[in-house]
**Q** 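Have a look at this one.
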Number of protein chains: 2
Amino acid sequence: MSSIKYAKIRLSIVDSCLLTRISLKHILSTFDIIEKIKDFENADNFIASLKSSHIPDIVLMSMDLNGINGIEATKLIKKEFPKVKVIILSSNKDKEYFIASMYEGANAFVQKSIDHEQLMKIIKAVHFGAYWIGPDHINLYKEAFPKPDSYDLQNLYKKQASSFDLTVREKQVLKLLVEGKSNSEIAKEIIISTNTAKAHVGNILNKMHVTDRVQAAVIAVKSNII
Amino acid sequence: MSSIKYAKIRLSIVDSCLLTRISLKHILSTFDIIEKIKDFENADNFIASLKSSHIPDIVLMSMDLNGINGIEATKLIKKEFPKVKVIILSSNKDKEYFIASMYEGANAFVQKSIDHEQLMKIIKAVHFGAYWIGPDHINLYKEAFPKPDSYDLQNLYKKQASSFDLTVREKQVLKLLVEGKSNSEIAKEIIISTNTAKAHVGNILNKMHVTDRVQAAVIAVKSNII
DNA sequence: AAATAAATCACCCGATTGGGTAATTATTGG
DNA sequence: CCAATAATTACCCAATCGGGTGATTTATTT
């Protein structure tokens, strides 16, 4: 069987609870893919250690920590040591924890309730470059990406503005309208008369099938017609 | 060494190009983790095959196909057969392809330029449940998630509405305002007088530090104060 | 050359808005 | 219990808005 060779993995563990650190270290050290494991009781110490020398491939980072928490730690780590993969371990599956962790570039968001074999698989997948998102968060993950406007590969995210057939000038006016400018302010900005600005806005409302500028602005913002 | 055991993987390949299908099938079949490989020249045939019987664990789906494309196919597959993992193979690294694929629930978005060993690793990681996002798209991935408003675990996504200190009633009015309703329509909707609606709107404008309802609506939409 | 569309401006009119000021009634937190 | 806040309404006023209708100029297309 053509088995995949994994390079040895240098691991660090950051958790405020000593017993957790000891246990995790013990059980993970039985996998000889793991080269060495260092542990830290808080993120500050861990980050300080990165600066002095030993940079691990992966860090298992608990969410609740004394000092800076797992999310902020992820941000700092990814900023200065982007090669370090971060696996967030959370006992809380609060979706906001997940979303914020992902925003900061975490490679995995893992419930502490999983067993060590699963964790090991996740560590390997992450080491290879994968992201791991638990079943509880898959929907959030999907929703994080915008829905395509069509399934035509050429027009996946074709702005709806063009489907409204707004002219160049009208898009320009719409943009100012979205900024909350009045007709006369719009007029001043692009050097036309207030009457013309008014005419443009009227045409925009017609084309967008709405009856007032607030609706036009909301649709413009929601559908990214900048 | 405590090696991870992978269950055999049933694979399908969907690509319009016969040569690609043959070559891929040939090279992947040298990995005996792969149980059997079926191939299809378009997504319609593949999806039809799912309905008749043989459901694979993973499908390698080309983006450009005759008939429905890889993205739409992903949508249909995930809707009816959510257990099937979809790996999108694209020769084009257009970010819109990536984003749309991810929205539809693809498990990996892979450039066709990778080699078979890497592909195999990705297949394994995906089979376990991981997501794989290539280095070209990591930034897009990060940006897909909203930035936290703070690093306090209790207030990661505290809506800015509360920083505007809008009352419950005001938020209710703001919501209707965002829908493009006039003061009198708002009044009818929540059964208050037009004067009261007007007063609420005035207070909202003050609290949000804007001078007209369009700006309030735009800020509300952009900052998710629904 | 003719037709079409985009951009420009004017004038009218009734409805709506935003900014004040002021007052009444809960409700709630010290 | 008292002060503060929220929610309610009224009235006034100037400015703005949205809906018409109509007209001119300049490109672009046919």
Side-chain angles (χ1 to χ4, degrees), chain A residues 155 158-223 225-226, chain B residues 154-155 158-226:
Chain A
N155 299 309
K158 198 182 69 179
K159 307 289 185 207
Q160 303 208 331
S162 50
S163 68
F164 292 132
D165 282 321
L166 297 188
T167 67
V168 175
R169 200 58 155 168
E170 286 162 352
K171 283 182 197 169
Q172 196 182 1
V173 170
L174 177 58
K175 191 186 162 196
L176 297 170
L177 187 157
V178 169
E179 290 170 14
K181 299 213 159 71
S182 69
N183 290 337
S184 58
E185 286 171 323
I186 292 170
K188 256 177 242 160
E189 183 110 5
I190 59 177
I191 315 177
I192 53 178
S193 81
T194 303
N195 289 313
T196 306
K198 226 177 103 171
H200 285 311
V201 170
N203 291 333
I204 291 169
L205 298 188
N206 282 330
K207 288 187 179 178
M208 292 178 77
H209 310 297
V210 293
T211 52
D212 73 87
R213 55 175 55 216
V214 175
Q215 292 166 43
V218 168
I219 290 174
V221 170
K222 283 191 175 170
S223 60
I225 312 173
I226 309 161
Chain B
Q154 264 62 59
N155 298 310
K158 199 180 66 175
K159 301 291 184 203
Q160 304 208 331
S162 50
S163 68
F164 292 132
D165 282 323
L166 297 188
T167 66
V168 175
R169 199 57 155 172
E170 285 162 353
K171 284 181 195 168
Q172 195 181 3
V173 170
L174 177 58
K175 190 184 163 199
L176 297 169
L177 187 157
V178 168
E179 288 168 18
K181 298 211 160 70
S182 69
N183 291 336
S184 59
E185 287 170 323
I186 292 170
K188 258 178 237 156
E189 184 110 3
I190 59 176
I191 316 178
I192 53 178
S193 81
T194 302
N195 289 313
T196 306
K198 226 178 103 169
H200 284 313
V201 170
N203 291 332
I204 290 169
L205 299 187
N206 281 330
K207 288 186 178 178
M208 292 178 79
H209 309 298
V210 294
T211 53
D212 74 87
R213 55 176 54 217
V214 174
Q215 292 167 41
V218 169
I219 290 174
V221 170
K222 285 190 174 170
S223 61
N224 269 313
I225 312 175
I226 307 163

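Note on naming: letters A, B, ... go to the chains in the order of the sequence lines (proteins, then strands), and numbering restarts at 1 for each one.
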**Q** A:Thr211 near the nucleic acid: base, sugar-phosphate alone, or nothing, with a heavy-atom cut-off under 4.0 Å?
**A** sugar-phosphate

**Q** Answer yes or no: is there a donor N or O on one side and an acceptor on the other, between the side chain of B:Glu189 and the main chain of B:Ile186, under 3.5 Å?
**A** no

**Q** Under 4.0 Å between a side-chain N or O of B:Asn183 and OP1 or OP2 of C:dT17?
**A** yes

**Q** Under 4.0 Å between any heavy atoms, over every strand shown, what does A:Thr196 touch: base, sugar-phosphate, or nothing? Just pick one.
**A** base

**Q** Nearest whole Å is fine: how far is D:dC17 P from A:Leu205 CG?
**A** 11 Å

**Q** Without decimals, in angstroms, what is the distance between B:Asn203 CG and D:dT8 P?
**A** 11 Å

**Q** Just by distance, do the side chain of A:Gln215 and the backbone of B:Gly180 share a donor-acceptor pair under 3.5 Å?
**A** yes

**Q** Checking contacts here: which listed nucleotide (D:dT9, C:dT8, C:dA10) is nearest the side-chain heavy atoms of B:Ser193?
**A** D:dT9

**Q** Let me know the distance between NZ of A:Lys171 and P of C:dA7, rounded to the nearest Å.
**A** 11 Å

**Q** Indicate whether OP1 or OP2 belonging to D:dT8 is found under 4.0 Å from a side-chain N or O atom of B:His200.
**A** yes

**Q** How long is the line joining NZ of A:Lys207 and C1' of D:dG18, in whole Å?
**A** 17 Å

**Q** In this structure, which one of B:Asp212, B:Asn206, B:Asn183 forms a side chain to side chain contact (heavy atoms under 4.5 Å, CB included) with B:Val201?
**A** B:Asn183

**Q** Nearest to the B:Arg213 side chain among D:dG18, C:dT17, C:dA7, which nucleotide is it?
**A** C:dT17

**Q** Output the rounded distance in Å from CG (B:Asp212) to C1' (C:dG18).
**A** 9 Å

**Q** Please confirm whether the backbone N or O of A:Ser182 pairs with a side-chain atom of A:Glu185, one donor and one acceptor, at under 3.5 Å?
**A** yes

**Q** Between B:Glu179 (side chain only) and B:Leu176 (backbone N and O only), is there a donor and an acceptor less than 3.5 Å apart?
**A** no

**Q** Are A:Ser184 and D:dA15 close enough that a side-chain N or O sits under 4.0 Å from OP1 or OP2?
**A** no

**Q** Would you indicate which nucleotide in D:dT8, C:dT16, D:dG18 comes nearest to any side-chain atom of B:Ser182?
**A** C:dT16

**Q** Just how far, in rounded Å, is P of C:dT8 from CD1 of A:Ile191?
**A** 11 Å

**Q** What is the distance from CG of B:Asn206 to C1' of C:dG19, rounded to the nearest Å?
**A** 9 Å

**Q** Which whole-number value in Å describes the distance from B:Met208 CE to C:dG19 P?
**A** 14 Å

**Q** Counting only side-chain N and O atoms of B:Thr167, is one of them less than 4.0 Å from OP1 or OP2 of D:dA7?
**A** yes

**Q** Pick the closest DNA chain C nucleotide for A:Asn195 and for B:Lys198 by heavy atoms, then say which residue is nearer the 5' end.
**A** A:Asn195

